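Step one of this worksheet: look at the structure below.
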Amino acid sequence: MRALVVLAAVVAALATAPLAAGGGWASVGFEPLPDDISAGSTWSPTIFVKQHGVTPLAGLEPVVTIQGADSLVSSTFLAAPGSEDGVYHADVVFPTEGDWHVTIHSGFGESQTTYGPFAIGAPAVSGGSSRELPAFGIGLA
């Protein structure tokens with residue numbers, strides 16, 4: 001009977017080991033906020049992923065998803081690893097002006113966080129050329 005109890009304890013320990021090794025959760029943050037961004041321009045946030053809010057996590061593939069607050073329009077952008085563990089960079093383009101939510105999927109389990117809405121301005125309008133017009137003169141001789 002004692003051997004059966006020991007065997008059951010060993011089996012239980014082996015079964016829960018993968019769960020403990022999984023590491024639980026990660027915190028996700030980014031900077032800067034998408035303030036003063038206009039539609040069509042690129043916002044380049046730096047994303048930080050830390051296991052248990054402490055240990056920087058390398059080797060992940062974070063994803064930034066933007067979704068219009070009043071529509072079903074959404075876009076997804078893959079973040080690339082930075083020069084330090086747990087730091088990633090993305091280039092995000094808001095297709096239209098309006099209010100947008102930003103969700104960062106850490107790439108670590110189900111860890112994600114949503115921010116916003118952020119007000120994205122109208123696309124920048126080109127004011128035309130600043131070239132000088134050619135001068136036309138009448139020669140007086």
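Given the structure is predicted, the values throughout are model-derived calculations rather than measurements. Along the sequence shown, residues are numbered consecutively beginning with 1.
Atom CZ of F118 is separated from atom CG of D35 by 7.0 Å, given to the nearest 0.5 angstrom. Within the model, atoms CD of E110 and NE2 of H105 stand 10.0 Å from one another, a figure rounded to the nearest 0.5 Å. A distance of 8.0 Å separates CD1 in I66 from OG in S74, rounded to the nearest 0.5 Å. Expressed to the nearest 0.5 Å, how far CH2 of W100 lies from OG of S75 amounts to 6.0 Å. Atom OG of S27 is separated from atom CZ of F108 by 10.5 Å, given to the nearest 0.5 angstrom. The distance from the CZ atom of F30 to the CZ atom of F48 is 10.5 Å, given to the nearest 0.5 Å.
With hydrogens and angles disregarded, no donor-acceptor distance shorter than 3.5 Å links the side chain of W43 to the backbone of A90. Although no hydrogens or angles enter the test, the distance criterion places a donor-acceptor pair under 3.5 Å between the side chain of S111 and the main chain of A26.
Between T55 and K50, every side-chain heavy-atom pair lies at or beyond the 4.5 Å cut-off. A heavy-atom distance below 4.5 Å is not found between the side chains of V73 and Q67. In this structure the side chain of V92 reaches within 4.5 angstrom of the side chain of P45, judged on heavy atoms. Taking the side chain as every heavy atom from C-beta outward, I47 and V49 approach each other to under 4.5 Å. The shortest distance between side-chain heavy atoms of F77 and V63 does not fall below 4.5 Å.
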When you look at V102 and I104, which way does the side chain to side chain contact (heavy atoms under 4.5 Å, CB included) test go after all the steps? CA-CA 7 Å; V102 175; I104 310 288; 4.0 Å; yes
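Taking hydrophobic clusters as Ile, Leu, Val, Met, Phe, Trp and Tyr residues chained together by side-chain heavy-atom distances below 4.5 Å, V93 does not share a cluster with V64. V87 and V28 fall into different hydrophobic clusters, where Ile, Leu, Val, Met, Phe, Trp and Tyr are joined by side-chain heavy atoms under 4.5 Å apart, directly or via other members.
No more than 12 heavy atoms of other residues, nucleotides or ligands shown are found within 6.0 angstrom of CG on D70. At most 12 heavy atoms of other shown residues, nucleotides or ligands fall within 6.0 angstrom of atom CG in D36.
A donor atom on one side chain and an acceptor atom on the other are not found under 3.5 Å apart for T42 and D91.
A pairwise comparison of heavy atoms in D85 and A58 identifies OD1-CB, 3.4 Å as the closest pair. When every heavy atom of A39 is checked against every heavy atom of I120, the shortest pair comes out as N-CG2, 3.5 Å. Considering all non-hydrogen atoms of both residues, E97 and P123 come closest at OE2-CD, 4.4 Å. P81 approaches Y88 most closely through the heavy-atom pair CA-CD2, 3.5 Å. Closest non-hydrogen pair, G116 versus H101, comes out as C-ND1, 3.6 Å.
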